[in-house]
There are 4 protein chains.
Amino acid sequence: MPKDIEVLSSVKDESLITIRREQIIKGAVKLFKEKGFHKATTREIAKAAGFSIGTLYEYIRTKEDVLYLVCDRIYNEVTIKLAPYQQQEGNLDTLRQAITDYYYLIHRMHAEFTIMYQETKSLPKNTRAYILDKESEMVKMFAEILRSCVKCGELALDERYVQVAANQIVVQGQAWAFRNWAYKHDYKIDGYIEAQTELFLHGLKGFA
Amino acid sequence: MPKDIEVLSSVKDESLITIRREQIIKGAVKLFKEKGFHKATTREIAKAAGFSIGTLYEYIRTKEDVLYLVCDRIYNEVTIKLAPYQQQEGNLDTLRQAITDYYYLIHRMHAEFTIMYQETKSLPKNTRAYILDKESEMVKMFAEILRSCVKCGELALDERYVQVAANQIVVQGQAWAFRNWAYKHDYKIDGYIEAQTELFLHGLKGFA
Amino acid sequence: MPKDIEVLSSVKDESLITIRREQIIKGAVKLFKEKGFHKATTREIAKAAGFSIGTLYEYIRTKEDVLYLVCDRIYNEVTIKLAPYQQQEGNLDTLRQAITDYYYLIHRMHAEFTIMYQETKSLPKNTRAYILDKESEMVKMFAEILRSCVKCGELALDERYVQVAANQIVVQGQAWAFRNWAYKHDYKIDGYIEAQTELFLHGLKGFA
Amino acid sequence: MPKDIEVLSSVKDESLITIRREQIIKGAVKLFKEKGFHKATTREIAKAAGFSIGTLYEYIRTKEDVLYLVCDRIYNEVTIKLAPYQQQEGNLDTLRQAITDYYYLIHRMHAEFTIMYQETKSLPKNTRAYILDKESEMVKMFAEILRSCVKCGELALDERYVQVAANQIVVQGQAWAFRNWAYKHDYKIDGYIEAQTELFLHGLKGFA
DNA sequence: AATGAATGAGGTTTCATTCAT
DNA sequence: CATGAATGAAACCTCATTCAT
């Protein structure tokens with residue numbers, strides 16, 4: 001379990017910090033989605049958050065902190081959403097439900113996911129590692145569900161391929177966000193989830 | 001078929017342009033891979049290419065041109081590599097072969113693919129559209145092969161899902177590049193190709 | 001009446017803007033006089049104004065803005081100085097007085113006038129048009145005084161030539177600034193004003 | 001009499017130098033008129049002249065040389081045109097004729113005159129002094145004609161004011177070029193010459 | 001004599017960050 | 001705690017000039 005990374009703030013009042021960071025994340029997501037992390041200036045971020053540049057720097061230390069805040073937010077939501085599925089015996093229905101929940105979450109937060117996806121490399125080394133750790137955990141969670149399904153006999157998936165399969169679930173979910181330009185004309189989220197799920201389960205050969 | 005976008009050069013000698021652009025692409029790929037497009041400076045690009053900043057600007061007009069050159073290069077290679085598969089009747093073997101060729105190409109050019117993948121949004125609007133067009137063509141090509149397999153009876157895939165499937169092939173290939181951190185401990189490219197192919201064809205349920 | 005052109009500033013405090021712009025104009029005039037607009041660098045302008053390059057750009061948006069600021073300043077002063085003569089019945093004494101006031105102003109601001117005169121073409125199109133408009137207004141003002149003199153019988157100047165005459169007054173005044181190298185050995189401003197006035201009024205033939 | 005300034009050339013063939021310089025001047029005048037000396041690049045100058053940048057530098061040593069070539073050309077033409085009036089006894093008719101010749105020349109070469117007028121300050125010190133010298137000579141020539149008129153009794157102009165008068169003739173001529181925007185709607189060159197001449201001779205008071 | 005590719009100093013402008021108020 | 005003016009390093013790009021061919 002990755003250790004939390006603290007974004008330092010010179011403000012003492014914790015509840016205020018929460019409020020302001022909320023504003024920062026909300027403004028930043030909108031901005032980053034429009035123009036990307038690099039083309040968004042700190043002044044614009046402050047403005048989008050609803051306060052001055054000086055105030056912004058009371059709650060973060062560098063521009064990269066803002067990006068981290070956004071990424072961290074995503075994984076917090078994911079963690080909350082998928083908590084029920086962790087360390088629990090499951091079957092194919094559990095898997096289907098986890099995928100559905102995960103994909104809907106991505107759909108709801110597609111702006112955030114796209115940003116994370118495209119700007120991760122802009123994070124400083126340590127925070128970047130932290131984010132990748134979080135992502136790995138998520139993969140691990142899906143891997144566990146897959147193993148559960150194997151254990152209870154509903155799936156016959158060789159252990160060697162559990163990793164690819166779990167990664168695939170995660171990637172194809174994120175693809176709904178970062179590759180939406182390719183899907184939006186032909187699919188809605190429900191159809192996408194259905195198609196992906198069936199493809200996973202039955203493969204091309206058995207798919208009708 | 002998207003119309004080519006010309007990167008203007010003030011140098012007249014076409015063969016020299018080819019040589020210098022080659023140097024630019026090679027240097028830029030290395031650099032962008034290391035620090036990303038935005039953190040790489042034009043002077044560094046020039047240095048990595050092996051000449052002065054002034055010379056660099058004899059062969060491009062803006063920094064974004066360099067990124068475009070890199071992206072364009074990728075699709076040229078892809079087009080060449082996958083040309084044999086275009087507009088041709090095929091079966092499951094054809095599909096397997098196309099996927100294999102495509103994934104090996106990505107493996108060989110993983111640096112380039114990662115860059116393209118993460119920096120596409122930094123391209124100016126028109127070149128960005130051009131690149132997405134190229135990507136769409138590739139998806140379309142895999143879609144056609146899939147339809148061929150359906151036609152010749154080796155596959156039973158409803159037309160409604162051809163799009164997702166084709167996109168999935170493409171995305172999972174690219175994932176080998178941009179998500180290598182997740183795969184490199186457990187897979188080599190051959191194993192990855194094999195696993196992906198089998199998953200596609202037989203799905204989780206029938207996979208052993 | 002030409003509409004004012006706003007030079008945008010990212011600073012909000014209006015009075016501070018006034019102060020800083022004053023510094024900018026003062027420094028720039030000195031600098032432009034010495035080396036001309038093109039050879040003066042923005043960094044030098046900032047230094048001459050007494051602050052950093054970053055601060056300079058808080059109060060202007062482009063180097064051309066500085067030139068515009070200088071030109072605009074001149075016409076503000078001219079407008080203030082010559083306001084009493086506008087839209088008012090006048091006679092030869094009025095004319096003499098207006099010329100005298102105008103020429104003294106030019107003398108006092110000869111550096112500024114020389115700059116405006118030589119660098120006007122460096123202004124971007126719209127601001128350039130604005131400046132020429134202002135100049136036209138000034139000519140028009142002298143033309144009106146001339147017409148007054150005709151109306152009250154102190155002058156017999158055909159309407160067809162009012163334009164040249166008015167322009168001549170303006171040009172010869174500016175010549176004191178931009179052509180000072182030709183006059184400074186033989187004239188002081190008073191002698192110059194006197195000579196010009198008499199030449200205008202009596203011509204070469206009657207001049208003694 | 002100012003000593004000629006040599007623009008060095010690495011080409012030996014004198015007649016070729018003459019031809020090429022002609023091309024340079026012609027191209028440069030067109031270019032400078034359009035965008036000014038500073039915004040015109042040497043490459044553009046070379047292109048406008050009809051040859052390569054390398055060749056351009058066979059016939060000049062610095063960009064400023066081009067400007068000097070243009071200015072020098074003007075005074076050569078003026079000298080040729082006004083040669084008949086030098087060191088010769090004259091009367092009012094001589095004066096009228098000299099002015100007319102001079103103003104027509106300016107009209108014909110208005111592009112060149114405007115350039116010289118606006119870019120003189122961009123010349124390096126020594127060539128600039130040379131050009132101002134040439135200008136002074138011209139003023140002196142008109143001054144001499146004026147003195148002739150006084151001597152032969154057709155004019156009653158105090159010696160103290162000969163300088164202003166001569167300068168005025170020169171300046172108002174140049175104004176036709178550099179201030180054409182102010183005149184072109186109301187005058188043609190003939191009307192302008194007539195108006196100026198009459199104003200000079202009879203002044204505002206006696207002008208009808 | 002003509003060419004044009006190469007050079008790099010230096011120009012303008014941006015923007016993350018600080019700090020006095 | 002909030003503000004926003006000030007800072008200056010550093011980015012992108014231009015262009016006068018050279019020199020090998």
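By the 4.0 Å N-to-carboxylate-O rule, A:Arg73 lies close enough to A:Glu22 to be salt-bridged with it. Ion pairing between a basic and an acidic side chain is recognised when a charged N comes within 4.0 Å of a carboxylate O; C:Glu58 and A:Arg43 show such pairing.
In the set F:dA2, E:dA16, E:dT7, the nucleotide with an atom closest to the side chain of B:Phe51 is E:dT7. Side-chain atoms of C:Arg43 lie closest to E:dT12 of the nucleotides F:dA5, E:dT12, E:dA1. Set against E:dG8, E:dA5, E:dA16, the side chain of B:Ser52 has E:dG8 as its closest nucleotide.
Taking each heavy atom of C:Ile45 and C:Leu31 in turn, the nearest pair found is N-CD2, 3.5 Å. Minimum heavy-atom separation, C:Ala40 to C:Lys63: O-NZ, 2.8 Å.
The nearest whole Å value for the distance from the CD atom in B:Glu58 to the C1' atom in F:dC13 is 12 Å. Computed from coordinates, the A:Ile17 CD1 to F:dC1 P distance equals 8 Å when rounded to whole Å. One can place CD1 of B:Ile19 at 12 Å from C1' of E:dA5, the figure rounded to the nearest angstrom. Between D:Lys35 atom NZ and F:dC15 atom C1' the separation is 12 Å, expressed in whole Å. When the C1' atom of F:dC12 is taken as reference, atom NZ of B:Lys39 falls 18 Å away, rounded to whole Å. The CD atom of B:Glu44 sits 15 Å away from the P atom of F:dC13 (whole-angstrom rounding). Atom CD1 of A:Ile53 is separated from atom P of F:dA6 by 16 Å (rounded to the nearest Å). Rounded to a whole Å, the CD1 atom of C:Ile45 is 18 Å from the P atom of F:dG8.
Considering only side-chain N and O atoms, C:Thr42 lies under 4.0 angstrom from the phosphate OP1 or OP2 of E:dT12. Side-chain N/O atoms of B:Tyr59 include none lying less than 4.0 angstrom from OP1 or OP2 on E:dA5. Between D:Arg20 and the phosphate of E:dA2, there is a side-chain N or O to OP1/OP2 separation shorter than 4.0 Å. Between D:Tyr57 and F:dC19 there is no side-chain N or O to OP1 or OP2 distance below 4.0 Å.
Taking for each of D:Gly50 and A:Lys63 the nucleotide of DNA chain E with the nearest heavy atom, the 5'-most of the two is the partner of D:Gly50. Comparing A:Ser10 and C:Lys12 against DNA chain F, the residue whose closest nucleotide sits nearer the 5' end is A:Ser10. Between C:Thr55 and D:Gly54, the residue whose closest nucleotide on DNA chain F is further toward the 5' end is C:Thr55.
Across the strands present, F:dT3 finds its partner in E:dA20; the criterion is a Watson-Crick or G-U wobble pair with both atom distances under 3.5 angstrom. Shown here, E:dG8 forms a base pair with F:dC15; the pair counts as Watson-Crick or G-U wobble because both key distances fall under 3.5 Å.
Using a 4.0 Å heavy-atom cutoff across all strands shown, A:Thr41 reaches sugar-phosphate atoms only and no base atom. Nucleic acid contact class of C:Ala40 (heavy atoms, under 4.0 Å, all strands): sugar-phosphate only.
Taking the six-membered ring for Trp and thresholds of 30 and 60 degrees, A:Phe51 and A:Tyr59 have ring planes inclined between 30 and 60 degrees apart.
Side-chain N/O atoms of C:Thr55 and C:Ser52 include a donor and acceptor closer than 3.5 Å.
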